[in-house]
Amino acid sequence: MKGVTPEPVTGEFVIIGRRHYPAKQVGQVITRQDRRDFSAGEVLKAMTRLGFTCRTPPTAASASLAGPYGPASATLGTLPARLTYGQV
């Protein structure tokens, strides 16, 4: 990947050196095939076997936590309790 400028990362990516490359870009450069010929999962699996660090984008689970105590509860590993009127 020397001399290859990384494209903007929007999904799965491979860390090569200090750079983050999209999985499809890595697959295209290494195999010299069109990006439609393989999946990002195949590239991640192969690169992981070769010892490279691969990552996937974070899930949207944290977006479902509403209210001021949601992020703190997520950090502690519990969901916030929902109290209705009259509960203490």
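Here the structure is a predicted model, which is why all the values come from computation and not from measurement. All values below come from the heavy atoms of this structure, side chains included, with hydrogens, waters and symmetry mates left out.
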Student: Can you measure from CD1 (Ile30) to CE (Met1) and round to the nearest 0.5 angstrom?
Tutor: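 With rounding to 0.5 Å, CD1 (Ile30) is 6.5 Å from CE (Met1).
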
Student: Atom CD of Glu7 and atom CD of Gln28: how far apart are they, to the nearest 0.5 Å?
Tutor: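 Spacing of CD (Glu7) from CD (Gln28) equals 7.5 Å.
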
Student: Would you say the side-chain atoms of Gln25 pair up with the backbone N or O of Thr5, donor to acceptor, closer than 3.5 Å?
Tutor: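 Such a contact is found between Gln25 side chain and Thr5 backbone.
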
Student: Are the side chain of Lys24 and the backbone of Arg36 linked by a donor-acceptor contact shorter than 3.5 Å?
Tutor: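 Answer holds: no.
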
Student: Using 0.5 Å steps for rounding, measure from the CG atom of Leu50 to the NZ atom of Lys45.
Tutor: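 Those atoms lie 12.5 Å apart.
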
Student: Measure the CZ-CG distance between Arg32 and Asp37 for me, rounded to the nearest 0.5 Å.
Tutor: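 Going from the CZ atom of Arg32 to the CG atom of Asp37 covers 15.0 Å.
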
Student: Is a side-chain N or O of Arg55 found less than 3.5 angstrom from the main chain of Ile15, in a donor-acceptor match?
Tutor: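 A pair under 3.5 Å: no.
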
Student: Of all the heavy-atom pairs spanning Leu44 and Cys54, show the shortest one and how long it is.
Tutor: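 Minimum heavy-atom contact is CD2-CB, 3.6 Å.
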
Student: Rounded to the nearest 0.5 Å, how far apart are OG1 of Thr56 and CZ of Phe13?
Tutor: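 One gets 8.0 Å once the value is rounded to the nearest 0.5 Å.
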
Student: Dump the intermediate steps for side-chain contact (heavy atoms from CB on, under 4.5 Å) on Tyr21 and Val4, then the final yes or no.
Tutor: CA-CA 9 Å; Tyr21 291 92; Val4 178; 4.3 Å; yes

Student: If you look at every heavy atom in Gly27 and Phe38, which pair is closest and at what distance?
Tutor: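 Result for this residue pair: C-CZ, 3.3 Å.
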
Student: For the residue pair Met47 and Ile16, what are the closest heavy atoms and their distance?
Tutor: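 Looking at all heavy atoms of both residues, the shortest contact is CE-CD1, 4.3 Å.
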
Student: Which pair of heavy atoms, one from Gly11 and one from Pro57, lies closest together, and at what distance?
Tutor: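 Where Gly11 meets Pro57 most closely, the heavy atoms are C-CD, 3.7 Å.
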
Student: If every non-hydrogen atom of Glu42 is compared with every non-hydrogen atom of Ser39, which pair is closest and at what distance?
Tutor: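 Scanning both residues completely, I find the closest heavy atoms to be OE1-N, 2.9 Å.
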
